[in-house]
Amino acid sequence: MSTLLEVRGLTVEFSGQRALRAVDAVDLRVAAGERLAIVGESGCGKTQLLLACTGLLAANGRAQGSVRFEGRELLGEPEAVGAARGRDIGFVFQDAGGSLTPHRRIGDQLVEVAELTLGLSRDQARREAAAALERAGLPDARSRLAQYPHELSGGMRQRAAIALALVARPKLLFADEPTTALDVTVQAGILELIESLCRDSGMSLLLVTHDLGVVAALADRIAVMQSGRIVESATAAEFMRGPKEAYSRSLLESVLTLEGVA
Amino acid sequence: MSALELRDVRVHYREAGPGARRLVAVDGVSLSVGEGETVGLVGESGCGKTTIGRAILGLVPLADGEILWGGRRIDALSADAFRPLRRDLQCVFQDPHACLDPRMTLMESVAEPLRNFEPAIERRERRQRALSRLAEVGLDATLAGRYPHQLSGGQLQRAVIARALVADPRFVVCDEPVSALDLPVQGQVLSLLERVREERRLANLFISHNLAVVARLCPRLLVMFRGRVVESGPRAELVRRPRHPYTRELLDAVPVVDVAARGRLAASAARPRPVQEAASPRGCAFAGRCPHVLPRCRVEAPVLLPLAAGVAVACHRAVEWPAGLPPVTEGATGIAG
Amino acid sequence: MSLGLWRDARAALAADRFALGCLAVLATLGVAAIAGPWLLDYREDEIDWANMAVPPLASPGHWLGTDRLGRDVLVRTLHGLRVSLAIALAATLVAVVIGVAWGAFAGYRRGRTDALMMRFVDVLYSLPQVFFVIILTVVFGRSPLTVLLAIGAFGWLTMARIVRGQAMALREREFIDAAIVGGATPARIVVRHVIPNLAGPVIVYATLTLPQVILVESFLSFLGIGIQEPLASLGNLVAEGAAEMETAPWMLAVPAACLMLVVFCFNFLGDSLRDALDPRDR
């Protein structure tokens, strides 16, 4: 299996009033077709890790180290990142509002991405956009194109955001807490969607979350992050059988299930 | 003896903007909570559960029905008449960052209800009581002088709980108290709520979209869908033998974290989904996504009726399976079997 | 009222050197306006027969020259600054007090109360301010107090609108619901929760209102319907100076420069305050 994403010694620091090191010498690797989940609580640095990889760090943040996608260095190379975005890399944020512009129609946003990244004509782009919405499980794609984000429910908005991320059929999808803001029943639907999309297209996934329940269903490999460092890394099967670190075990135990309830 | 009772409560919202429609948020809900009892209310966003919480607290007017507290009607009271009752009816809100005034310290926020309900007590005593509340929820006194933006979600939610308890209420509405928190913290806050409830013998209405959360704390549950109660009963019955398909959906959505989780997700993803249709206004609101739907369901709304073992269900077909829904088979078309 | 968030704001402001500079300039001018005339040799209405219309530094003691009547320009300007600042501060204070009370109450109550209160504001808004000032000065005589009242009568309108908008947005926030559930009366909510959370925009707008008031007062005095001779205000000093522009340009330059400096500094400070008081991302 070829390595799609390789991160070495990634460190992210923030200057200013509250100087801190959010990410501390992190190494990780995502192979083609593989799904890696990074699990940790709020403030452990997992979101900053994602932002650093995709060139979206805040102005007062500094990243050091190396982030290579298919061998090309992305860190500190805004052009390389720009070229990779959309085409090779897609992202989904926790709040779909982060991905979708509120004052533009969904169709326009999808079409724009299709035109820019795939170099398609307007008509071709429209067809791709509709297809992306269908793949994302939004029925009646044609009329969806004309709607605004706020006209959709939370779950449907997230599906539209996923469609936006996938319209150019990227090789790697970054997802930051994609289901956290949703109802559990809706979460299940989104997880199923991501699972089938990855399976059908062989897309890789780098997922960041605090919820091991989500991870158990989706991930091939799991990395646990605490205070900016990766404290444990294992395949999902090994992890579920019994994590080595006490912190990882506490994360596993914190998942709310129905066991022992009735 | 029930402390709180809702009788056929209806709440309407008016949409903003031109051509404003009237939305029915709560459509004839009845429930009761006894002294010291904990009842859970579970359902997805928009099902009306939060609205019920707000109606109980007098934040939203009723379109119809009654709310009784200690046998006395409270739904039609004026704001001034309601105010003294608020001492007993408190609330833990969903988003701790939003429900605390950003310009007040924790101490000030927690002491605030005391200022309102017991204006006579002196500042020093007020501080003392606020501090002991903070200690009760596990917050150190050194945090009392901090501002919300300086603290984590878990710490803030503890402060919110402290504030709800400071005037010694008898009933606490918990509206999604852990949804905005990280998983590891959720467990801690739920344990805190359990402990506090036991020690103070509080009556509780616990609202959440997550059945696992509600099931952990509530011996009795009500499941809501689109403004109506579709199933209610003892927790053991609902979890082991759900009798309404929506309850089953909620159960399926609870994660089981084990090695087989991946396989299960892949299998359910591969299963063909029934096409979701819009529900007709007269029929059952769930008809559009029900695997057991009959033509009757689309034209006639079912009524919540007691079934067996303390369970009540709103489903035309509930009598066909008094011991629980049959297992889901591939390509179920709604024919009994 | 809590201080912690103000501490953050102070820190942010302290980092903004230009804003600090403006603050320093304003402070200096303020001190000069109050204490200056005591330290200088001449009184504001003292006529120096020997040195009429003398340019700056030409005669000892008259640092910035004298006017047509031999009165020291520096002293007059400082007096003028005193009067202008006093009126501006007082009028802004009136605008803040009335505007905040009006807007907060209307915004919190919403519905009919809000509609009535804001229609009243709209009506007043549509009246020509200068026209009314003229009428008021004709009826009540031209004194600083009249000018103050006339400006104050209109100054609170925009503040009320801003505050009302903010209050309406605040009303929807969950901590207001929490306060209601906690037993607070509407009055207490407005005072304890709404107004402190409005303080940011109010302070900023007040800092921007001040220079506007100065300009309005100057304009009125320039037209002759504001502050009257021999009392000096920046406005009537500019008027005098404009008349003598060709022969004694310093009579215009000094008060005009002072006026511009004050207005600029307040405007800039207001901008920086707005940046500093913006809620920080958590």
Side-chain angles (χ1 to χ4, degrees), chain B residues 50 53-54 56-60 79-80 82-119 145-153 156 159-160 163-164 166-167 169 172-173 175-176 180, chain C residues 1-12 100 104-105 108-115 163 166-204 276-282:
Chain B
T50 296
R54 292 172 67 87
I56 292 173
L57 294 166
L59 295 172
V60 152
D80 285 331
F82 199 97
R83 204 165 297 121
L85 299 174
R86 291 194 179 284
R87 190 184 177 147
D88 288 330
L89 290 169
Q90 280 299 309
C91 183
V92 175
F93 297 86
Q94 174 172 354
D95 185 357
H97 289 284
C99 71
L100 289 168
D101 188 331
R103 304 228 167 224
M104 285 168 72
T105 60
L106 279 199
M107 162 68 72
E108 289 167 343
S109 283
V110 172
E112 187 71 6
L114 281 179
R115 284 194 78 147
N116 296 321
F117 295 128
E118 288 185 54
R146 300 253 182 102
Y147 290 90
H149 73 278
Q150 295 172 297
L151 299 165
S152 73
L156 286 180
V160 170
R163 178 176 65 182
V166 77
V172 179
V173 175
D175 187 0
E176 305 269 17
Chain C
M1 235 201 275
S2 41
L3 296 166
L5 287 167
W6 301 112
R7 232 170 275 142
D8 271 351
R10 259 216 315 277
V100 168
F105 193 72
Y108 182 75
R109 293 303 256 169
R110 295 176 300 186
R112 273 246 305 256
T113 317
D114 167 52
V163 168
Q166 297 278 325
M168 286 185 89
L170 269 178
R171 181 82 177 69
E172 302 307 318
R173 306 242 322 242
E174 210 170 34
F175 66 83
I176 300 288
D177 277 343
I180 296 176
V181 170
T185 56
R188 186 162 172 82
I189 292 179
V190 169
V191 168
R192 193 81 177 81
H193 294 282
V194 175
I195 290 183
N197 279 288
L198 293 173
V202 168
I203 288 182
V204 171
L277 286 172
D278 244 338
R280 297 258 160 243
D281 276 16
R282 283 175 234 118

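A, B, ... follow the sequence lines: proteins, then strands. Residue 1 opens every chain.
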Is it the side chain or the backbone of [X] that comes within 4.5 Å of chain C heavy atoms, both, or neither?
| X | value |
| --- | --- |
| B/L85 | neither |
| B/D95 | both |
| B/R87 | neither |
| B/L59 | side chain |
| B/R54 | side chain |

Legend entry - Salt-bridge contact B/D101-C/R192 (side-chain N to carboxylate O under 4.0 Å):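 A salt bridge is absent here (no side-chain N lies under 4.0 Å from a carboxylate O).
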Legend entry - Distance, nearest 0.5 Å, that separates OG1 of C/T185 from CG of B/D80: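 The CG atom of B/D80 is 8.5 Å from OG1 of C/T185, to the nearest 0.5 Å.
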Inset, instruction - With sequence neighbours left out, write down each residue that passes salt bridge (Lys or Arg N to Asp or Glu O under 4.0 Å) with B/D88, or none if nothing qualifies. - result: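 Applying salt bridge (Lys or Arg N to Asp or Glu O under 4.0 Å) to B/D88 gives B/R170.
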Identify the heavy atoms of [X] and [Y] that sit nearest to each other, and give their distance.
| X | Y | answer |
| --- | --- | --- |
| B/F93 | C/V181 | CZ-CG2, 4.0 Å |
| B/R103 | C/N197 | CG-OD1, 3.1 Å |
| B/P102 | C/R173 | CG-NH2, 3.8 Å |
| B/Q94 | C/E174 | N-OE2, 4.2 Å |
| C/I180 | B/R86 | O-CD, 3.0 Å |
| C/A178 | B/R163 | CB-NH2, 3.2 Å |

Inset, instruction - Name the option with the most non-hydrogen atom pairs under 4.5 Å to chain C; the candidates are B/P113, B/C99, B/P84. - result: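 Most heavy-atom pairs under 4.5 Å with chain C: B/C99.
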Inset, instruction - Answer yes or no: are there more than 12 heavy-atom neighbours, outside C/R109 itself, under 6.0 Å from its atom CZ? - result: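 No - once you tally the heavy atoms of other residues, nucleotides and ligands closer than 6.0 Å, there are 12 at most.
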Inset, instruction - Only counting residues at least two apart or in another chain, list the ones meeting side chain to side chain donor-acceptor pair (under 3.5 Å) with B/S152. - result: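 Here the qualifying residues are B/Q155.
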Inset, instruction - Examine distances only and state if a side-chain atom of B/Q90 and a backbone atom of C/G182 form a donor-acceptor pair shorter than 3.5 Å. - result: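 Not confirmed, B/Q90 side chain does not pair with C/G182 backbone.
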